[in-house]
Amino acid sequence: MNSNIFQYSLRVWLTSVVGAALAFVLITMVKEPSLSQSFWQATGSFFSDWLFFAGFQLLFSIATWLVFYVIILLIVKRIHIHRTRLSTISITGIVLTIITFKLTLLQDGLFNDNSGFAYLMIANCFFIGSGSWFYELRPPEYLNWA
């Protein structure tokens, strides 16, 4: 069996980039209709808004993904029980996401956000946590204790 740790971390990260951008655009449309209406006219379409936020997230979170990948490598080497591995990876991904947003976009507080980026953070946390369980993690055979 081949290890897929790199692909696993990449899939989890890219799922959060794509899914959270889509969720953010949809939430913004519903929660802030005046903001989304002016934004739709300025950019032209729902698709272009989604592309913008997906691209923004891609650049914004690449360093976090690299840290996430290294942490997954450490978790796989140190934790023997598969469910515990996945739980730890999921929680770690969520915490890294919150830290990244807190250090960059939400400096006034996690929920004192007038720009709506708290919605983007929550969507990222959801997709990171879900993706950690959805995708199959296959560590190297010599590490399969459980």
Side-chain angles (χ1 to χ4, degrees), residues 1-32 35-36 39-40 43-146:
M1 177 189 314
N2 293 331
S3 172
N4 73 338
I5 297 171
F6 179 79
Q7 292 89 351
Y8 171 82
S9 69
L10 191 62
R11 287 177 183 147
V12 172
W13 173 58
L14 290 176
T15 298
S16 75
V17 166
V18 171
L22 179 62
F24 178 70
V25 171
L26 291 172
I27 289 169
T28 303
M29 280 176 49
V30 172
K31 299 276 289 172
E32 309 286 341
L35 176 64
S36 63
F39 194 67
W40 303 133
T43 60
S45 73
F46 175 83
F47 182 71
S48 64
D49 290 348
W50 171 77
L51 264 177
F52 170 78
F53 284 106
F56 170 74
Q57 287 219 133
L58 199 63
L59 295 173
F60 171 74
S61 65
I62 196 162
T64 304
W65 166 67
L66 292 171
V67 171
F68 185 55
Y69 171 62
V70 170
I71 289 173
I72 290 173
L73 288 172
L74 295 173
I75 289 169
V76 165
K77 287 181 182 179
R78 302 209 191 299
I79 298 179
H80 307 271
I81 301 167
H82 187 67
R83 284 186 185 262
T84 307
R85 277 184 192 153
L86 294 181
S87 297
T88 307
I89 289 169
S90 180
I91 291 167
T92 301
I94 291 169
V95 169
L96 281 173
T97 300
I98 292 170
I99 290 170
T100 302
F101 272 85
K102 179 64 179 149
L103 290 176
T104 56
L105 297 173
L106 300 175
Q107 294 178 359
D108 293 336
L110 290 178
F111 299 103
N112 296 335
D113 174 40
N114 293 329
S115 65
F117 284 123
Y119 299 133
L120 187 59
M121 181 195 71
I122 291 167
N124 269 285
C125 289
F126 171 79
F127 282 101
I128 291 274
S130 300
S132 298
W133 287 90
F134 179 76
Y135 294 108
E136 179 185 8
L137 174 62
R138 289 188 321 267
E141 287 178 8
Y142 60 88
L143 294 178
N144 278 340
W145 294 289

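Predicted model only: the values in this text are computed from it and were never measured. Counting begins at 1 with the first residue of the sequence.
Residue L96 holds its CG atom at 8.5 Å from CD1 of I128, rounded to the nearest 0.5 Å. To the nearest 0.5 Å, atom CG of residue N4 and atom OG of residue S9 are 9.0 Å apart. Here the straight-line distance linking atom CD1 of I72 with atom CG of L86 works out to 9.5 Å at 0.5 Å rounding. Rounding to the nearest 0.5 Å gives a distance of 7.5 Å between NE2 of H82 and CD of E136. Summarising the geometry, atom OG1 belonging to T97 is positioned 10.0 Å from atom CG belonging to L120; distances are rounded to the nearest 0.5 Å. Remark: L51 CG to L22 CG distance equals 11.0 Å, nearest 0.5 Å.
A distance-only check finds no donor-acceptor pair linking the side chain of Y119 to the backbone of V25 [under 3.5 Å]. Of the possible donor and acceptor atoms, one in the side chain of W50 sits under 3.5 Å from a partner among the backbone N and O of V18.
Between F126 and S16, every side-chain heavy-atom pair lies at or beyond the 4.5 Å cut-off. In this structure, F101 and N124 have side chains that are in contact, with non-hydrogen atoms separated by less than 4.5 Å. Residues S61 and T100 fail the side-chain proximity criterion, which asks for heavy atoms closer than 4.5 Å. Side-chain atoms of Y8 and I89, non-hydrogen and from C-beta on, do get closer than 4.5 Å to each other.
Using the six-membered ring where Trp is involved, W65 and W13 have ring planes that are parallel, under 30° apart on the 30 and 60° scheme. In this structure, F60 and F56 have parallel ring planes: the angle between them is below the 30° cut-off, well short of the 60° mark.
Minimum interatomic distance between Q57 and A20 (heavy atoms only, all atoms of both residues): NE2-CB, 3.7 Å. Across every non-hydrogen atom of I98 and C125, the tightest pair is CG1-SG, 3.8 Å.
Looking at S90, P139, S132 one by one, the single match for side chain to side chain contact (heavy atoms under 4.5 Å, CB included) with R85 turns out to be P139. Exactly one of L73, L66, I71 qualifies for a side chain to side chain contact (heavy atoms under 4.5 Å, CB included) with Y69. That residue is L73.
Taking the side-chain contact (heavy atoms from CB on, under 4.5 Å) definition, one finds that T88 meets it with I75, I79, T84, T92, sequence neighbours left out.
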